[in-house]
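A short worksheet on the structure shown next.
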Amino acid sequence: MSDPLDAFIDNLQAQIFEETRQAFGEAGFERWRNPRYCGRMPDPDASARVTGTCGDTMEIFLKFDRERVTDAAYVTDGCGSSSVCGSFAVEMALGRSPDEIADIDGEAVLARLGRFPKEDEHCAFLAAGTLQAAVHDYMIKKRSRP
Ligand code: FES
């Protein structure tokens, strides 16, 4: 048995889910509900922290083995859109070399999503820019290794 408040909350949640599904598409919606790869990595080989023009910050952590990304994670203090973009950006880096990751820009993240709100597209560029900065960190550390 549900009271009017429960029914109101259920309806509100269903409405938010539907609006988010419409805005992000199915893949983005699923990722919004289950943000994979989210969390700090305790011992990354490389990382970067970038604050976007919107004021939100993203941090990306990468682990490499034989020049390929074997593990990746992100955290952000930004909106749901930045979390979705961070999740896809690090997923796209998995298994790739630094050279291959160079192709992952904001447009590539948006293409992977398929659909995304125009006003949130900058979140994809923040995610991709942070990923590129993390790879840059890897290259610098690699060069300074004996
Ligand atoms: Fe700032 Fe999404 S609004 S990253």
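Indexing begins at 1, ligand by ligand and atom by atom, following the structure's order.
Residue Leu126 approaches ligand 1 through these ligand atoms, each under 4.0 Å from one of its heavy atoms: 4 (S). Within the listing of ligand 1, atoms 2 (Fe), 3 (S) sit less than 4.0 angstrom from a heavy atom of Cys79. Residue Ser82 approaches ligand 1 through these ligand atoms, each under 4.0 Å from one of its heavy atoms: 2 (Fe), 4 (S).
In this structure, CG in Asp120 is found 8.0 Å from SG in Cys85, a value given to the nearest 0.5 Å. Atom CG in Asp103 sits 9.5 Å away from atom CE in Met92 (nearest 0.5 Å). Here the CG atom belonging to Leu113 is positioned 9.5 Å from the OG atom belonging to Ser87, to the nearest 0.5 angstrom. Taking CD of Glu30 as the start and OG1 of Thr20 as the end, the distance is 11.5 Å to the nearest 0.5 Å. For the atom pair OH of Tyr74 and OG of Ser83, the computed distance is 2.5 Å after rounding to the nearest 0.5 Å.
Nearest N, O or S atom of Asp56 to atom 1 (Fe) of ligand 1: atom OD2.
Looking at atom 2 (Fe) of ligand 1, its nearest protein heavy atom turns out to be Cys123 SG, 2.3 Å.
Seen from the ring of Phe29, Arg21 counts as a face-on cation partner, given the 6.0 Å and 45° thresholds.
Ring-plane geometry between Phe64 and Tyr138 is classed as parallel, the angle between the planes falling under 30 degrees on a 0 to 90 degree scale with a further cut at 60.
Not one N, O or S atom of Cys54 sits under 2.8 Å from atom 2 (Fe) of ligand 1.
Note on ligand 1: Ser81 sits outside its first shell, no heavy atom being nearer than 4.0 Å. Remark: distances from the non-hydrogen atoms of His122 to ligand 1 include one below 4.0 Å. Within the 4.0 Å heavy-atom cutoff, Asp120 does not count among the residues contacting ligand 1.
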